[in-house]
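Residues: numbered from 1 along the sequence shown.
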Amino acid sequence: LVVGYHPICPATQPQQAKSRLIDGQTYIQHKHRLAVFAFTCMSKAVICPAYKGLIRIMVIMAKKNAFYAQSGGVTAVINASACGVIEACREHRDKIGTLYAGQNGIIGALQENLIDTSKETSTSVRALKHTPGGAFGSCRYKMKDLSESTVEYERLIEVFKAHNIGYFFYNGGGDSADTCLKVSQISAKMGYPIQAIHIPKTIDNDLPFTDCSPGFGSVAKYVAVSTKEASLDIASMAASSTKIFILEVMGRHAGWIAASGGLAASEAGDAPHIIVFPEIPFVRGEFISKVQQTVAEKGFCVVVASEGASYADGALISGSLNKDAFGHQQLGGVAPTLASMVKHSLGYKYHYALADYLQRSARHVASKTDVEQAYAVGRAAVDKAVAGKTGIMVTIERGKGKTFSWTLGEASLAKVANVEKKMPRSFITKDGFGITQKARDYLQPLIMGEDYPPYKNGIPLYPKLKIVLAPKKLDTEFNG
């Protein structure tokens, strides 16, 4: 609360004034009269009605609780961001009360299933930094557009009010950024402003205004390492057996993950010999010709293909007619489709693999750079929120020097939401099948460093949280 008081009026001094909450408003009682103002998480001044003239201002911040949720596909390092959020909230006890986490993402808020993170030990919280998956559960749940319906957003605010939540931390990708923006907008319109901060997370690396997205560096490292090791395997067998190996990786519209496979090459001519990007229209004849040429020169051919690869007319090489909760067409099947093309056209024996969930859950081969960035953006989100920021995404900004460095910044969610960052054409070779030095210079620092989890009996040791739900305070259930 910000209370204005006259320097010579003892009745208006904060230590003399008594306050109480009546019908959602805070009343300051003193002997002259009752001063009233709306109570919000943002403070406002009140001038003592008995006196006029200059006043002094005293700030007494109202403590609010916080809410954190994980959204969309999880990563090897999203829990590192959660660790950063929880630890930072605990360091801001003067401004933040209890930090709740949504059970299964934003659905937890809608259903009032709020996990009380204060029940978790500091040791368990710290262990999240090396634990893959989503510790509190994630979801693919598309909030309706505000022009279509406000019911879901009104329900969120209802739950937030009931639990005195004034801080909203949403950890996800592009769709999550859009939701975070809408929460900040509608909460203000409803008279219950929320400090809404988006924490970046996506293995696709397609969020704009940030050098990279936490989660990508570890996937890139996994794909580069897997490509390197698989190429050694197939090189050993190519003379008498398999000559083609295709690794299918994630990436709907942006080929960042596929491009990272190119880091497996130590010198020109090394595998992968072909990278299939979503940004480059697929031409079957050119692909088959490149495979044939590579086998003739090297004896084998290694391909890294993005699941979102498509023809010039936009038709996917392979995909399902089904759509996920965000309205995106479900992808998959590029590797067997390409393998079938090779078999029918050239007759070569092949093997293929789908990195699928393995690429995003492989914490044992995570990038140390990625882990540090994921943790840092979680902490920064809290720091920015208590500083009064809202409607922003925490960003990672690369230093200008020759030695890789990075700092944290911020970007308006109004600019971030629903915008995809694709591979620049300058990052892809002229033939459309490889990465340039410029791409390598960008990608290499993001996979640097090792950050192994602790092991027990030869297996990574990952914690199990208590997951204690806070008591519900609303009588109504969400039926969305």
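Among residue pairs with one or both ends in residues 385-395, those qualifying as side-chain hydrogen bond (donor to acceptor under 3.5 Å, both in side chains) are K389-E410; sequence neighbours excluded. Under the salt bridge (Lys or Arg N to Asp or Glu O under 4.0 Å) criterion, the residue pairs touching residues 193-211 are D211-R398, with sequence neighbours excluded. A ring pair (Phe, Tyr, Trp, His ring centres under 6.0 Å) check over residues 199-218, counting only residues at least two apart or in different chains, returns nothing. The side-chain hydrogen bond (donor to acceptor under 3.5 Å, both in side chains) analysis of residues 101-111, with sequence neighbours excluded, yields the pairs Q111-N113. A ring pair (Phe, Tyr, Trp, His ring centres under 6.0 Å) check over residues 80-135, counting only residues at least two apart or in different chains, returns the pairs Y100-H163. Listed by first and then second residue, the salt bridge (Lys or Arg N to Asp or Glu O under 4.0 Å) pairs involving residues 106-126 are E87-R126 (not counting sequence neighbours).
Nearest heavy-atom pair across I165 and I194 is O-CD1, 3.4 Å.
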Stepwise, does the side chain to side chain donor-acceptor pair (under 3.5 Å) test hold for S218 with D370?
-> CA-CA 6 Å; S218 293; D370 193 29; 2.8 Å; yes
Walk me through it: do Y170 and I197 pass the test side-chain contact (heavy atoms from CB on, under 4.5 Å)?
-> CA-CA 6 Å; Y170 207 24; I197 309 292; over 6 Å; no
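Listed by chain and number, the residues in a side-chain contact (heavy atoms from CB on, under 4.5 Å) with S405 amount to none (sequence neighbours excluded). Partners of S147 according to the side chain to side chain donor-acceptor pair (under 3.5 Å) rule, which considers only residues two or more places apart in sequence or in another chain, are D145. For S310, the side-chain contact (heavy atoms from CB on, under 4.5 Å) test picks out L316, with sequence neighbours left out. Applying the ring pair (Phe, Tyr, Trp, His ring centres under 6.0 Å) criterion to F67, with sequence neighbours excluded, gives F160, F168. Considering only residues two or more places apart in sequence or on other chains, P278 meets the side-chain contact (heavy atoms from CB on, under 4.5 Å) condition with S306. Under the rule for a side chain to side chain donor-acceptor pair (under 3.5 Å), the partners of S266 that lie at least two apart in sequence or sit in another chain are K228.
Within the 4.5 Å cutoff, the side chain of P336 has heavy atoms near those of the E248 side chain. Between L474 and V159, some side-chain heavy-atom pair lies under the 4.5 Å cut-off. Between M393 and L207, some side-chain heavy-atom pair lies under the 4.5 Å cut-off.
For K182 and D178, the salt-bridge test passes: some basic side-chain N is under 4.0 Å from an acidic carboxylate O. Using a cut-off of 4.0 Å between Lys/Arg side-chain N and Asp/Glu carboxylate O, R252 and E420 are scored as not salt-bridged.
Judged by the 6.0 Å distance and 45° axis criteria, K129 is positioned over the aromatic ring of Y375.
Under 3.5 Å, the side chains of S124 and T121 contain a donor-acceptor pair of N or O atoms. A side-chain N or O of R155 and one of T476 form a donor-acceptor pair less than 3.5 Å apart. Checked by atom type, the side-chain pair Y141/E152 shows a donor-acceptor distance below 3.5 Å.
At distances below 3.5 Å, not a single donor-acceptor pair connects side-chain atoms of T150 with backbone N or O atoms of Y153.
Residues Y442 and W256 bring their aromatic ring centres within 6.0 Å.
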